[in-house]
Amino acid sequence: MVCPDHENLKSKLILSNTNLNRQNRVANPHNHQHPHPPSTTAAGNTRAAEQSCLALLQACNTFSKLTQIHTHILKSGLQNNPLVLTKFTATSSDLEVINYATSFLFSPESDTRLYDTFLYNTITRAYAQTNNLKAKAIDVYKLMLERKKLPNKFTYPFVLKACAGIGDLNLGKSVHGSVMKFGFGDEVNVQNTLVHMYCCCRGGEGGIEFARKVFDEMYKSDSVSWSAMIGGYVRVGRSSDAINLFREMQIKGVCPDEITMVSVLSACTGLGALELGKWVESYVEKERVQKNVELSNALVDMFAKCGDVDKATNLFRSMRERNIVSWTSVIGGLAMHGRGVEAVAVFEEMVRSGVTPDDVVFIGLLSACSHSGLVDKGKRYFDSMRKDFSIVPKIEHYGCMVDMLCRAGLVKEALKFVQEMPIDPNPVVWRTLINACRAHGELKLGEKITRQLIRNEPMHESNYVLLSNIYAKMSDWEKKTRIREAMDMKGMKKIPGSTMIELDNEIYEFVAGDKSHAQSKEIYEMVDETGKEMKRAGYMPTTTEVLLDIDDEDKEDTLNRHSEKLAIAFALLNTPPGTLIRIVKNLRVCDDCHSATKFISKIYNREIVVRDRNRFHHFKNGLCSCRDFW
DNA sequence: ATAGGGTTAG
């Protein structure tokens, strides 16, 4: 929705800029000759006009008034009056206003002595909170220093926020230097923003260790410092560190607020730790943390991504205030669980209720269609994005379409779609296509595409894994071995698969061939036993995805040591019969484990919920919710 | 006039 007054103001401001330039050049040559305040009488007049403008701005709280005041400013010829300009920018952080003020700041015709730190700060703040314009905030700040204006305690939170948005570690470090030089290194608010800035900046290794250093050295910290650091760990994917830090925060007796709890919930989401997430939910209830829309959204997302999408939906239904993010979390959550028909229904409900869809919710919707085989529906929604909602599809939307065609087995159509789409396919799109080639037996085509991809992206290990899997399916062990050698030579390693499971408020993690667990012996005996039961029920090990060229018996042994099989055996041993089992895998589940889990769900009468890198698999009675497409 | 948070293809 566009506010009419807002539009009005925009056009006026654009006009006023041209007016002013003309005035400077022709109608008001006075400016050129006397950059200093004009003569006494004129000064008196100016002061009166100035006071009247300031008074008007003081009372201003709506766009419509702002427009009137702007007209007034123009009439009084006070466009570049520093006091008026400062008040104007402080009253409205509307970009047009800010750009307008900035043009004076940078204009060689302006008397720069008249602009003070407040004005620079206000403009820096406005740019710092606007995407794509963070660099301008730094320009304004640098200009301020060049002109020998001293920064004050408000300056650095704004500047550091801009650095965080830009994400350049070297820039951040140099600003940190200025913070110390100007003596703001002891301000808690500045330190908090330093922590946040380092958490957001990358450059070589990334800045999170610098953040931790600032954080550890803080003389006193508050909930903001802890939230910034916890949120930082979440952002870089170090969810366990985030949880550990939260525990430390409780020990230290720092009281978390709703923002802290949002980050803690995100950490649970990252780990897939449902029990931990439920504990956080009860903590929020018990400690009466204010449950605003962001916190509720984080809860909905946590439940969906930790495997309980029904709880996520119920929570969403109970929310009094919802926004587009709430809807997106539910739709995306249902999509991940293969409940595409429901996701589509929720989307339709959203549109009916008057919420305008954005590009993000369409990613969830298209992904829902893809994971549930709703190809025609997906195509219609894809067209409708542009037609009905004026949203230009991005690479993610094209990616969903490619995935949709691939899952439906239409690999050739998917390739044609990629070749004809108006934007360049990215590696993700190619990998989607390659995996589909493997899954649907288009091995030669898959090999060709992967070789090309490796030329463009030689250091991305999943490309090699894909190629290796294609050769395995071709039974070309020689080429497969060569891929492995090539990876070794480049110093690359396959990311080890690992599986997490929660039991009695503990988190257990298994890797392939894991022997570290106290129950290790029983676990392997259980794996053997389930193996025998499964074979009796007709299970055939899928040995084509095993990495090395070894004989079939050894391959089977390798498969049996996969982390998900160990985790499931562990769960069978330690939970009462009939209990639902939830596990979280860091990579995609392999063909063999997928097939084995189906058998186990039937033989042992267990519902097994597996989260893998991309989606959920609900195994029940020998079947999987993904309908074997993944 | 200052700081930290929720959704994003495989």
Side-chain angles (χ1 to χ4, degrees), chain A residues 86-87 89-91 93 117-119 121-126 128 152-161 164 184 187-197 199-200 221-232 234-235 256-266 269 292-302 304-305 323-333 335-336 358-368 370-371 393-404 406-407 426-436 462 466 587-588 612-615 630:
Chain A
T86 304
K87 191 73 192 170
T89 51
T91 307
S93 57
T117 298
F118 190 171
L119 181 61
N121 281 356
T122 316
I123 295 175
T124 304
R125 178 186 60 173
N152 62 20
K153 68 169 184 172
F154 299 109
T155 307
Y156 283 104
F158 299 145
V159 174
L160 288 166
K161 195 173 178 174
F184 294 105
E187 291 271 346
V188 176
N189 296 337
V190 174
Q191 291 172 332
N192 286 345
T193 335
L194 273 170
V195 171
H196 178 240
M197 178 277 289
C199 285
C200 293
S221 50
D222 54 19
S223 71
V224 178
S225 339
W226 289 82
S227 301
M229 198 62 230
I230 292 171
V234 172
R235 208 173 301 111
D257 60 16
E258 72 277 11
I259 297 184
T260 320
M261 297 320 287
V262 167
S263 285
V264 175
L265 278 168
S266 295
T269 309
N292 55 16
V293 68
E294 288 88 353
L295 183 54
S296 299
N297 289 346
L299 276 167
V300 169
D301 194 49
M302 182 276 291
K305 293 212 180 92
N323 58 21
I324 185 76
V325 178
S326 332
W327 291 93
T328 305
S329 294
V330 171
I331 292 168
M336 252 183 261
D358 64 5
D359 56 331
V360 183
V361 77
F362 266 105
I363 294 173
L365 178 66
L366 294 175
S367 153
S370 171
H371 285 267
K394 296 199 293 196
I395 189 67
E396 290 90 341
H397 303 99
Y398 286 98
C400 288
M401 296 311 287
V402 174
D403 187 55
M404 189 181 298
C406 285
R407 279 177 203 275
N426 64 8
V428 180
V429 168
W430 288 122
R431 280 193 283 276
T432 304
L433 206 52
I434 291 163
N435 190 47
S462 67
L466 282 168
L587 306 171
R588 278 166 61 139
D612 77 5
R613 210 183 164 73
N614 296 336
R615 60 164 294 153
W630 81 96

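Reminder, nothing fancy here: chain letters follow the sequence lines and each chain counts from 1.
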What nucleic acid atoms does [X] come within less than 4.0 Å of, heavy atoms only: base, sugar-phosphate, or nothing?
| X | answer |
| --- | --- |
| A:Asp358 | nothing |
| A:Ser266 | sugar-phosphate |
| A:Asp301 | sugar-phosphate |
| A:Glu187 | nothing |
| A:Thr328 | base |
| A:Asn435 | nothing |
| A:Thr122 | nothing |
| A:Ile331 | nothing |
| A:Arg615 | nothing |
| A:Asn189 | base |
| A:Tyr156 | nothing |
| A:Ser462 | nothing |
| A:Asp612 | nothing |
| A:Asp359 | nothing |

- Query: What is the distance from atom SG of A:Cys406 to atom CD1 of A:Ile434, rounded to the nearest 0.5 Å?
  - Reply: 10.5 Å
- Just jot down the salt bridge (Lys or Arg N to Asp or Glu O under 4.0 Å) partners of A:Lys153, sequence neighbours excluded, or say none. none
- Message: Tell me whether the rings of A:Phe362 and A:His397 are parallel (<30°), tilted (30 to 60°) or perpendicular (>60°).
- Response: perpendicular
- May I ask you to test the A:Leu366-A:Met401 pair for a side-chain heavy-atom distance under 4.5 Å? yes
- Query: With a 4.5 Å heavy-atom cut-off, do A:Trp226 and A:Pro256 have their side chains touching?
  - Reply: no
- Query: Any side-chain donor-acceptor pair under 3.5 Å between A:Thr124 and A:Asn121?
  - Reply: no
- Going by atom types alone, do A:Thr117 and A:Asn152 pair a side-chain donor with an acceptor below 3.5 Å? no
- Message: Can you give me the first and the last nucleotide of DNA chain B (5' to 3') that has an atom within less than 4.0 angstrom of a non-hydrogen atom in chain A?
- Response: B:dA1 to B:dG10
